[in-house]
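Numbering of ligands and ligand atoms starts at 1, following listing order.
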Amino acid sequence: MRQPLIAGNWKMNGTKASVERLLAGVVGGAGSIQHSEMAVCPPFPFLQMAEQALAGSRVRLGAQNCATETLGAFTGEVAAAMLADFGCRYVIIGHSERRALYGEDEAIIAKKLVAAVAVGLTPILCVGETLEERERGDMEAVIAAQIDGIIALCGIAAFGAWELAYEPVWAIGTGKTATPAQAQEVHAFIRARLAAQDAVVAQKIRILYGGSMKGSNAPELLSQPDIDGGLIGGAALNADEFLAIARAGDAAANT
Ligand code: 13P
């Protein structure tokens, strides 16, 4: 049984005041969570505040992106080493918003994965298809290409140190969730794709689901055999919703 990971991707949201309240809410409720691992990924300016608020709690810290390069003249970029210095354990890499809006391709994503692991961070690598790709019947081909592209650049063994997230682009921020059966089918496909190269890595790796997950739909999603957690956007901005998802992870871990 893989321990559920419930990670909040706060995206580009928050003010000092709202982030302080959200962190206090999550930390305040974290004591009631038994099995699920929890992490929050705030925007960069709030990392220090989050590091302090999470100190001594079981909630881990992550970031939403990192630079491909390690240090130096890269205006506007944030190095993986800086994230580690601020107490991050996780970094989200290859989110569909970064692929679509900032032109991140497999080569860029692979460099970020390498940069993150080099400083001891655990990447959460995101994959997923658009609605158009799904409706064309290309869903498996798209996801296979995303996975195979990274295997070609980084090697299958590297996946042993990462988390994966399956985020169907059509379910992100739309209120449309993949049904538990739809999500399970893709998660099983991803695991089988990895297993064809390395069965041990495939069994070990956690594959999170992301896309309009919330307290009400989390129990059924998280009880699927190949869904090992959630990468939560909108619902992670509400401490009670986020904690409800973590509780659903607890319940799934107990079954
Ligand atoms: P929503 O939960 O808002 O759909 O976002 C999902 C996501 O993109 C998490 O990375």
Side-chain angles (χ1 to χ4, degrees), residues 4-14 18-19 22 25-26 36-44 46-47 50 59-66 83 88-102 104 109 112-113 116 121-131 133-134 139 142-143 146 162-180 182-183 186-187 190 205-222 224 227-249:
L5 171 58
I6 308 299
N9 173 8
W10 294 1
K11 307 194 179 182
M12 198 173 71
N13 292 293
S18 73
V19 165
L22 182 51
V26 171
S36 298
E37 181 183 345
M38 283 183 291
V40 295
C41 304
F44 294 138
F46 303 121
L47 284 179
V59 183
R60 293 188 159 134
L61 186 57
Q64 300 171 20
N65 184 25
C66 71
L83 305 179
C88 288
R89 163 174 292 233
Y90 294 108
V91 58
I92 298 168
I93 294 182
H95 191 279
S96 61
E97 287 152 17
R98 297 214 57 87
R99 292 178 192 250
L101 303 173
Y102 302 100
E104 287 197 11
I109 290 166
K112 292 185 174 189
L113 290 164
L121 296 174
T122 300
I124 302 174
L125 169 63
C126 302
V127 298
E129 83 287 1
T130 63
L131 184 59
E133 288 161 347
R134 177 171 275 259
M139 186 244 318
V142 167
I143 289 168
Q146 289 172 345
W162 305 345
E163 319 283 351
L164 277 182
Y166 167 57
E167 299 206 313
V169 177
W170 48 273
I172 294 178
T174 58
K176 282 188 208 151
T177 321
T179 64
Q182 277 175 327
V186 182
H187 283 231
I190 293 170
I205 198 163
R206 289 189 289 197
I207 309 177
L208 318 184
Y209 169 78
S212 298
M213 193 188 258
K214 47 187 189 276
S216 57
N217 59 26
E220 229 193 320
L221 285 161
L222 293 174
Q224 302 299 313
I227 302 184
D228 309 312
L231 187 55
I232 327 295
L237 298 172
N238 177 307
D240 291 339
E241 274 292 313
F242 187 63
L243 290 162
I245 298 169
R247 267 194 298 279

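The N/O atoms of Asn9, backbone and side chain alike, include one that comes under 3.5 Å of an N/O atom in ligand 1.
Under the 3.5 Å distance criterion, with hydrogens and angles disregarded, a donor-acceptor pair is assigned to the side chains of Tyr90 and Glu37. Side-chain contact of Glu129 with Tyr166: a donor-acceptor pair under 3.5 Å is present, judged by distance alone. Residues Asn65 and Lys112 have side chains that bring a donor and an acceptor to within less than 3.5 angstrom of each other.
Contacts of Ile172 with ligand 1, taken as heavy-atom pairs under 4.0 Å, involve both backbone and side chain.
In this structure, Ala235 has no heavy atom closer than 4.0 Å to ligand 1. Not a single heavy atom of Ala236 lies less than 4.0 angstrom from ligand 1. Assignment of Lys11 to the shell around ligand 1 is supported, since a heavy atom sits closer than 4.0 Å.
Heavy atoms of other residues, nucleotides or ligands lying less than 6.0 angstrom from CD of Glu220 number 12 at most.
Close contacts between ligand 1 and Glu167 involve ligand atoms 6 (C), 7 (C), 8 (O), 9 (C), 10 (O) [criterion: under 4.0 Å to a heavy atom]. When each atom of ligand 1 is checked for a heavy atom of Gly233 under 4.0 Å away, the hits are 1 (P), 2 (O), 3 (O), 5 (O), 6 (C), 9 (C). Every atom of ligand 1 is numbered from 1 in the order shown, and the set under 4.0 Å from a heavy atom of Gly234 is 1 (P), 2 (O), 3 (O). Ligand 1 places these atoms under 4.0 Å from at least one heavy atom of Gly173: 1 (P), 3 (O), 4 (O). Listed by number with element, the atoms of ligand 1 under 4.0 Å from a non-hydrogen atom of Gly211 are 4 (O), 6 (C). Ligand-side atoms of ligand 1 in range of Ala171: 4 (O), range being under 4.0 angstrom from any heavy atom. Within the listing of ligand 1, atoms 1 (P), 2 (O), 4 (O) sit less than 4.0 angstrom from a heavy atom of Ser212.
Taking the charged nitrogens against the carboxylate oxygens, Glu104 and Arg99 have no contact shorter than 4.0 Å, which rules out a salt bridge.
Gln224 contributes atom CD, which lies 11.5 Å from atom CD of Gln182 (distance to the nearest 0.5 angstrom).
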Might you work through the side chain to side chain donor-acceptor pair (under 3.5 Å) test for His95 and Glu167, ending with a clear yes or no? CA-CA 8 Å; His95 191 279; Glu167 299 206 313; 2.9 Å; yes
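For Asn13 (side chain) and Trp10 (main-chain N/O), a donor-acceptor pair under 3.5 Å exists by modelled atom type.
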